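Structure first, then comments.
Keep in mind the model is a prediction, meaning the values are calculated, not measured.
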Amino acid sequence: MIRAEFTVYPFEVGEVTPPHVQAAVDELRRSGLEADLGPLGQVVSGPDHEVLAGLLAAEEAALRAGATKIVVDLEVVDGEG
């Protein structure tokens with residue numbers, strides 16, 4: 001199991017999720033994963049192969065929707081990797 005925290009730029013503050021962030025979140029949901037949206041980034045957890053595949057799809061969707069930078073932090077959460 002891994003936990004991934006990612007931030008999609010350009011960073012925009014507001015009440016509405018920016019389109020490039022929403023595209024990433026929507027793609028994760030299509031991959032069967034649920035992202036927790038925070039004020040500075042999103043978090044998704046699950047089996048490593050599912051999270052990594054979902055992140056790749058989410059990154060591609062975000063870039064197509066106007067993202068200029070994506071920062072990802074991965075962490076093994078159960079010691080199995």
Exercise for the section: Tell me, please, which residues at least two apart from R64 pass side chain to side chain contact (heavy atoms under 4.5 Å, CB included). Expected result: E60, A61

Practice task
Let me see the working for T17 and L37 under side chain to side chain contact (heavy atoms under 4.5 Å, CB included), right down to the final yes or no.
Solution key: CA-CA 9 Å; T17 304; L37 276 66; 4.0 Å; yes

Practice task
Treating Ile, Leu, Val, Met, Phe, Trp and Tyr as nodes and any side-chain heavy-atom pair under 4.5 angstrom as an edge, say whether I2 and L56 lie in one connected cluster.
Solution key: no

Identify each donor-acceptor pair in which a side-chain atom of residues 39-47 lies under 3.5 Å from a protein atom, sequence neighbours left out, and give them as a table.
residue, atom, partner, partner atom, Å
Q42, NE2, F6, O, 3.2

Ignoring hydrogens and angles, write down the donor-acceptor pairs under 3.5 Å from the side chains of residues 18-33, residues two or more places apart or on other chains.
residue, atom, partner, partner atom, Å
H20, NE2, P10, O, 2.8
Q22, NE2, D26, OD1, 2.8
E27, OE1, R30, NE, 3.2
E27, OE1, R30, NH2, 3.1
R29, NE, E34, OE2, 3.0
R29, NH2, E34, OE2, 3.2
S31, OG, E27, O, 3.1

Exercise for the section: Kindly compute the distance separating CG (D48) from CG (L74), expressed to the nearest 0.5 Å. Expected result: 10.0 Å

Exercise for the section: Of all the heavy-atom pairs spanning L63 and I70, show the shortest one and how long it is. Expected result: CG-CD1, 4.1 Å

